[in-house]
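Order of appearance sets the numbers: ligands from 1, and atoms from 1 within every ligand.
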Amino acid sequence: MTTATQVLERCAHLDRYSSDPRVLTRVHLSPEHRFANDRTAMWMQQAGLTTWQDAAGNQWGRREGATAGLPALVLGSHLDTVPDAGSFDGMLGVVMAIAVAERLRHVALPFALEVVGFSDEEGTRFGKALLGSQAVAGLWDEDWWALRDRSGTTLLTAFEEFGLDPRRVGEAVRRPDELVGYLEAHIEQGPRLEAADEALGFVTSIAGARRFRIAVLGEARHAGGTPYPRRRDALVGAGEVVVAIERLARESRCLATVGRLEVQPGAVNVIPGRVDLSLDLRAETDAERDAMWETIHAELTSICEGRRLRAEVVETHVAASACCAPWLQDAVVAGIRATGHDAPSGLWSPAGHDAMAMAEVTDIGMLFLRCHDGISHHPDENVLEDDVAVGLDAFEQTVLAVARAEA
Ligand code: HGY
Ligand code: MN
Ligand code: MN
């Protein structure tokens, strides 16, 4: 039986597949992605699963239920990372799913059991999140082929270099009638379980995100020769915008983050003429998030007008919030209760997950594990071995609860 120790060893093993030997960075359709898929496929086979890589680079494994060809309960998460990542965001969910499949190897189930390691959740390489799970959910957009990574390689070329045929991406689609549901185990990526001294929690819903690229446009001029009344400094305006975004979000129940700022021309003796900034906006409900954007947009316009600047806005990403299906929330709660925790906490997830895309084709449920200091998207990301042990028991029991509901 795969233990928590082995699960953590497998997460550590996947750390080897990185584009930078000093830190963990593994992006979509990279050589490291290929190695991670191959190793994951090997573990899936050892767990008794039949494996395949789909037309979008996602790694799958499957065992049949009581009879061949039944709809599948899918367990999974993602194998790609942010730059300089921790070892658990995504990967823990994949290796826990494999461990659960292995534990249930000889247990008759009224559905097929599948495990998936999604190819792209973070969107680190092409700036577009959930490419792997959106391909599976049938949400592929032909415009995405022209997306470029920082070296100028298009998504189309990256598919070909990885050995995938872009014309066949539609073959990755799974139909609702092939699926019973999708379950994902994931570190919480926040501090709430740790603060409550709870190892596990169940997810009620996943926040929808909107992301924007905002250009603040002023005028580049000589840093010495331009008196203040003549200046239209894009960076000072953008700085005011960044501070206003934080203030407005703090006054609401939303989370707004400016994670990237690019200043042009970026010279010490030139007044900045243009600043491009990113905005990531999340809330428990899409209505709150959309209202926050309206408020931020009005403030952006007002700050720019006050400084004789201009703003241009492009929305780069939108994902609707997704609710976990009540019957799968019940199954996750039953799974946690079976480990001796009578009243598990229900949490909404401010972080995005592959489950959001899967919600377009099937019911979803999620199990959260406490993470050390609530830290994620950072190499200090950590989980307790005891929490993984109880998480494995709960995840296994969740699958059995789904089996009882389906029987
Ligand atoms: O950004 C997110 O919420 C996810 O971790 N990719
Ligand atoms: Mn992440
Ligand atoms: Mn993740």
Criterion side-chain hydrogen bond (donor to acceptor under 3.5 Å, both in side chains) against Thr2, the qualifying member of Glu9, Arg103, Glu102
Glu102
Would you tell me whether [X] and [Y] have side-chain atoms, one donor and one acceptor, within less than 3.5 Å of each other?
{"X": "Asp84", "Y": "His377", "value": "no"}
{"X": "Ser151", "Y": "Asp149", "value": "yes"}
{"X": "Asp280", "Y": "Thr257", "value": "no"}

One residue to check: Arg211. Relative to ligand 1, which of side chain, backbone, both or neither has a non-hydrogen atom less than 4.0 Å away?
side chain
Could you see which bit of His353 sits under 4.0 Å from ligand 1, with heavy atoms only: side chain, backbone, both or neither?
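It is neither part, as no heavy atom is under 4.0 Å.
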Nearest protein heavy atom to [atom], by residue and atom, and its distance?
{"atom": "atom 6 (N) of ligand 1", "result": "Glu122 OE1, 2.7 Å"}
{"atom": "atom 4 (C) of ligand 1", "result": "Glu121 OE2, 3.4 Å"}
{"atom": "atom 2 (C) of ligand 1", "result": "Arg282 NH2, 3.4 Å"}

Can you name the N/O/S atom of Asp89 that is nearest the Mn ion (ligand 3)?
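Minimum-distance N/O/S atom of Asp89 relative to the Mn ion (ligand 3) is OD1.
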Check the pair Val180, Thr362 against side chain to side chain contact (heavy atoms under 4.5 Å, CB included), reporting the backbone distance first and the verdict last.
CA-CA 7 Å; Val180 170; Thr362 193; 6.0 Å; no
Look at the rings of Trp144 and Trp140 and say which category their plane angle falls in: under 30° parallel, 30 to 60° tilted, over 60° perpendicular.
perpendicular
Closer than 2.8 Å to the Mn ion (ligand 3), do we get an N, O or S atom from His353, backbone or side chain?
no
State which residue, out of Leu309, Ile303, Leu279, fulfils the side chain to side chain contact (heavy atoms under 4.5 Å, CB included) condition with Val241.
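Answer after filtering Leu309, Ile303, Leu279: Ile303.
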Heteroatom distance test (Gly352, ligand 1): nitrogen or oxygen, under 3.5 angstrom:
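So ligand 1 has an N or O lying under 3.5 Å from an N or O of Gly352.
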Does Arg34 qualify as a cation-pi partner of Phe162, given the criterion of NZ or CZ under 6.0 Å from the six-membered ring centre and within 45 degrees of its axis?
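Output yes; distance and angle both within limits.
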Any atoms of ligand 1 less than 4.0 Å from a non-hydrogen atom of Ala351? List them with their elements.
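Reading through ligand 1 atom by atom, the close ones are 3 (O).
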Of all the atoms in His78, is at least one N, O or S atom closer to the Mn ion (ligand 2) than 2.8 Å?
no
Of the N, O or S atoms in Glu122, the one nearest the Mn ion (ligand 2)
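Result for Glu122 and the Mn ion (ligand 2): OE2.
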